[in-house]
There are 2 protein chains.
Amino acid sequence: MAGIRDIAEKAGASIATVSRVINGSGYVSPGMRARIEAVIAELQFRPNAGAALMRRGKSRMVGVLLPALDVKFFGILAHVIEQALFRRGYHAFICCSSESPEHEAEYIAAMLAQRVDGVIIASVASDAAAAARLTAAGVPIVAVDRAIAGAVTVKADHYAGGRLMAGYLTGLGHRRIAVIGAPEHSTPVQERLAGVRDALAGAGLEPVAVALGAKHGFEACRDLLLGLLDRGLAADAVIGLTDLAALGAIHALHERGISVPTDVSVIGFDDMPLARYIIPQLTTVAQPIREIGELAVEQIVRLMTGEALSDATPPALSVVVRGTTAPRKT
Amino acid sequence: MAGIRDIAEKAGASIATVSRVINGSGYVSPGMRARIEAVIAELQFRPNAGAALMRRGKSRMVGVLLPALDVKFFGILAHVIEQALFRRGYHAFICCSSESPEHEAEYIAAMLAQRVDGVIIASVASDAAAAARLTAAGVPIVAVDRAIAGAVTVKADHYAGGRLMAGYLTGLGHRRIAVIGAPEHSTPVQERLAGVRDALAGAGLEPVAVALGAKHGFEACRDLLLGLLDRGLAADAVIGLTDLAALGAIHALHERGISVPTDVSVIGFDDMPLARYIIPQLTTVAQPIREIGELAVEQIVRLMTGEALSDATPPALSVVVRGTTAPRKT
DNA sequence: TTGTAAGCGTTATCAA
DNA sequence: TTGATAACGCTTACAA
């Protein structure tokens with residue numbers, strides 16, 4: 001593969017000048033530039049990122065560490081972040097930890113080796129350690145969706161979201177409210193649950209049942225509610241801590257011949273596309289995922305360039321009223 | 001950041017020996033190795049990938065170029081590929097072209113600059129050019145899901161899938177079959193359509209309507225069918241060329257008070273998780289997406305290491321019978 | 001406006 | 001079993 005040297009020779013220039021046109025740095029006369037560009041095209045020259053990295057010590061790459069890519073929420077997040085980074089001239093090094101600490105450690109090492117300029121991370125429990133390794137190496141990080149102590153964090157206010165779900169349901173007159181969710185280890189899920197509990201308590205209520213599943217996926221939540229129903233649970237309404245959990249609840253209700261929303265109301269959280277798949281469409285609390293991704297990128301870029309952080313926050317959560325909620329039957 | 005040099009000095013060894021323990025190459029006595037490893041840990045040494053790349057000319061990275069990450073199918077594919085690559089000691093450089101040729105070109109350039117050892121690609125129309133640039137640079141490529149002329153391709157037999165959908169429906173006695181799908185520019189979608197047409201023709205039939213939308217998403221397909229219905233379409237069954245299209249069809253039917261599957265049967269393609277979200281659950285043709293991802297990785301690894309290609313093929317497609325199909329009303 | 005030259009941190013080839 | 005040492009291809013002062 002042709003090197004900068006070959007280009008210089010063939011174009012009758014010095015390697016310094018070639019480097020200048022490649023990077024758009026310094027001054028190069030139009031004629032020289034044209035000649036060099038022609039040779040670059042002709043020889044199909046591709047700069048060697050390794051060499052550049054070694055010299056510069058910076059890679060113009062941002063690591064993006066997510067727990068999964070096959071979960072819609074993270075797929076969207078990855079996509080938004082990737083786009084925003086691209087627009088600012090950075091490349092994303094997207095990695096999924098797959099809930100595995102070894103995986104995560106390996107990828108942190110790879111990011112460090114790549115000398116990424118920054119990292120956007122939304123990983124699992126083991127975060128603290130991962131984040132520590134990064135900051136110890138002087139790599140700025142921004143946490144998305146899940147907070148990391150001491151790190152800049154961009155996330156929705158899940159607690160407020162929990163309050164919103166509960167408040168909307170009690171506003172409709174519901175009193176016997178059950179809560180279903182998964183995965184149980186997820187901090188956002190826990191935060192929403194806390195919000196639900198507090199809002200309910202404020203209304204002098206408490207959940208008639210709370211069931212958390214270990215794994216993401218609607219079957220687990222469906223089975224959880226099925227179990228509850230078969231043990232005599234009587235509820236006016238069900239809160240799904242995620243849209244998928246709400247969906248599981250709807251399936252369970254359907255299987256037991258309970259009509260939604262006539263007999264029981266159901267509300268979800270996230271407003272993923274799937275909320276509109278089901279009939280009737282799911283009432284849910286919308287999370288501003290695109291804005292969260294954008295803001296995370298904004299912040300990491302500021303951190304990398306040494307600018308002051310933005311004090312913007314993601315837009316507030318809001319209830320999207322669709323077909324699975326109705327006033328309490330009288 | 002500490003370099004190999006500092007390690008060598010502090011451990012009383014030469015840089016060559018340090019390099020040996022880092023890479024597990026050559027022979028190093030246990031004592032020396034332990035001493036060096038201790039220093040590496042102590043100084044938090046991280047090898048500089050750029051330097052290694054420059055020397056080696058290889059990066060142990062595989063580029064993965066997908067059209068999107070926020071579409072479930074590609075999210076799953078990315079995830080599977082990433083995992084499989086990881087297991088074999090490669091890192092994935094995941095990029096999404098977002099249907100944008102500039103994006104795609106930029107990423108190809110980045111991959112070339114990174115000196116990726118190979119590329120797995122499932123990109124849009126402009127493929128041919130992208131693939132050409134890669135192969136011209138001597139980078140092996142494997143096409144997934146969408147074939148690329150002259151390249152090793154791993155994909156489901158979409159044409160056969162189309163025949164399967166049509167055959168299943170005619171087997172149920174349906175005669176008046178409509179077809180809905182999107183996005184229209186997608187080759188897999190086109191191939192399934194061809195399969196449907198041929199299978200129908202073999203039964204002396206042809207679709208009572210065919211409508212393709214420009215964009216992925218169920219609303220477009222719903223509106224398409226709504227339009228057809230309102231112009232008097234009378235169908236026994238609807239084929240969705242993707243699960244999402246089938247979902248759109250179900251919504252349209254529902255809006256017009258037509259019952260699924262009592263009045264009209266609906267079948268989809270892909271067997272994405274969403275097929276199980278809807279009630280009744282969607283009958284669909286399952287695509288072995290995980291196996292496709294695994295096999296793509298298997299092939300790219302063989303190409304990269306110079307081994308002979310595997311002659312394995314992805315498992316055949318199969319109809320997953322669920323609740324949206326029923327024998328024709330008599 | 002362009003050129004010279006000194007590294008950047010590894011790996012790999014020889015020798016010892 | 002270990003150590004010198006020569007690249008690898010680029011960026012960037014500094015000169016001209």
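Hydrogens, waters and symmetry mates are skipped; everything else that's a heavy atom, side chains included, is used. We name chains A, B, ... by the order of the sequence lines, and we start the count at 1 in each one.
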Grab the [atom1]-[atom2] distance between [X] and [N] for me, whole Å please.
{"X": "B:D6", "N": "C:dC8", "atom1": "CG", "atom2": "C1'", "answer": "13 Å"}
{"X": "B:R5", "N": "C:dC8", "atom1": "CZ", "atom2": "C1'", "answer": "11 Å"}
{"X": "A:Y27", "N": "C:dT2", "atom1": "OH", "atom2": "P", "answer": "9 Å"}
{"X": "B:I4", "N": "C:dA12", "atom1": "CD1", "atom2": "C1'", "answer": "11 Å"}
{"X": "B:R20", "N": "C:dG9", "atom1": "CZ", "atom2": "C1'", "answer": "17 Å"}

Could you list the donor-acceptor pairs under 3.5 angstrom formed by side chains in residues 69-80 of chain A, with sequence neighbours left out?
residue : atom : partner : partner atom : Å
A:D70   : OD2  : B:H79   : ND1          : 3.4
A:K72   : NZ   : B:D70   : O            : 3.1
A:H79   : ND1  : B:D70   : OD2          : 3.4

Among pairs that include at least one residue of residues 77-90 of chain B, which meet salt bridge (Lys or Arg N to Asp or Glu O under 4.0 Å), considering only residues two or more places apart or in two chains?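 Non-adjacent pairs meeting salt bridge (Lys or Arg N to Asp or Glu O under 4.0 Å): B:R87-B:E294, B:R88-B:E298.
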Can you run down the salt bridge (Lys or Arg N to Asp or Glu O under 4.0 Å) pairs that involve residues 25-46 of chain A, sequence neighbours left out, and say none if there aren't any?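 Found A:K10-A:E42.
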With sugar-phosphate meaning primed atoms plus P, OP1 and OP2, does A:S29 contact a base, only sugar-phosphate, or nothing at under 4.0 Å between heavy atoms?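 Sugar-phosphate: the residue A:S29, judged by heavy atoms under 4.0 Å, touches backbone atoms but no base.
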Mind checking if B:I22 touches a base, just sugar-phosphate, or nothing, with heavy atoms under 4.0 Å?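 Answer is nothing: B:I22 stays at 4.0 Å or more from every strand.
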Apply ring pair (Phe, Tyr, Trp, His ring centres under 6.0 Å) to B:H103 and list each qualifying residue two or more places apart in sequence or on a separate chain.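 Applying ring pair (Phe, Tyr, Trp, His ring centres under 6.0 Å) to B:H103 gives A:F86, B:Y107.
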Pairs meeting criterion side-chain hydrogen bond (donor to acceptor under 3.5 Å, both in side chains) with involvement of residues 306-315 of chain A, two or more places apart: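 Passing the test, one end in residues 306-315 of chain A: A:T305-A:E307.
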Could you list the residues that satisfy side chain to side chain contact (heavy atoms under 4.5 Å, CB included) with [X], not counting sequence neighbours?
{"X": "B:A2", "result": "B:D6, B:L43"}
{"X": "B:D117", "result": "B:K58, B:S59, B:R60, B:Y90, B:M304"}
{"X": "A:Q190", "result": "A:L193, A:L212"}
{"X": "B:A113", "result": "A:A49"}

5′-ward residue of the pair A:V18/B:T17 relative to DNA chain D: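 Going by which nucleotide is closer to the 5' end, it is B:T17.
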Residues A:R146, A:E191: salt bridge by 4.0 Å N-O rule: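 A:E191 and A:R146: not salt-bridged.
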Identify the heavy atoms of A:A147 and A:T153 that sit nearest to each other, and give their distance.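 Distance-wise, the nearest heavy atoms are CA-CG2, 3.6 Å.
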Using a strict heavy-atom distance below 4.0 Å, which residues from residues 36-61 of chain A are in contact with DNA chain C?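 By residue number: A:M54, A:R55.
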Contact interval (first through last nucleotide) of DNA chain D with protein chain A, 4.0 Å heavy-atom: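 Span of nucleotides near chain A: D:dG9 to D:dT12.
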Between the opening five pairs and the closing five pairs of the helix from C:dT1-D:dA16 to C:dA16-D:dT1, how far apart are the helix axes, to 10°?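 Its terminal axes enclose an angle near 30°.
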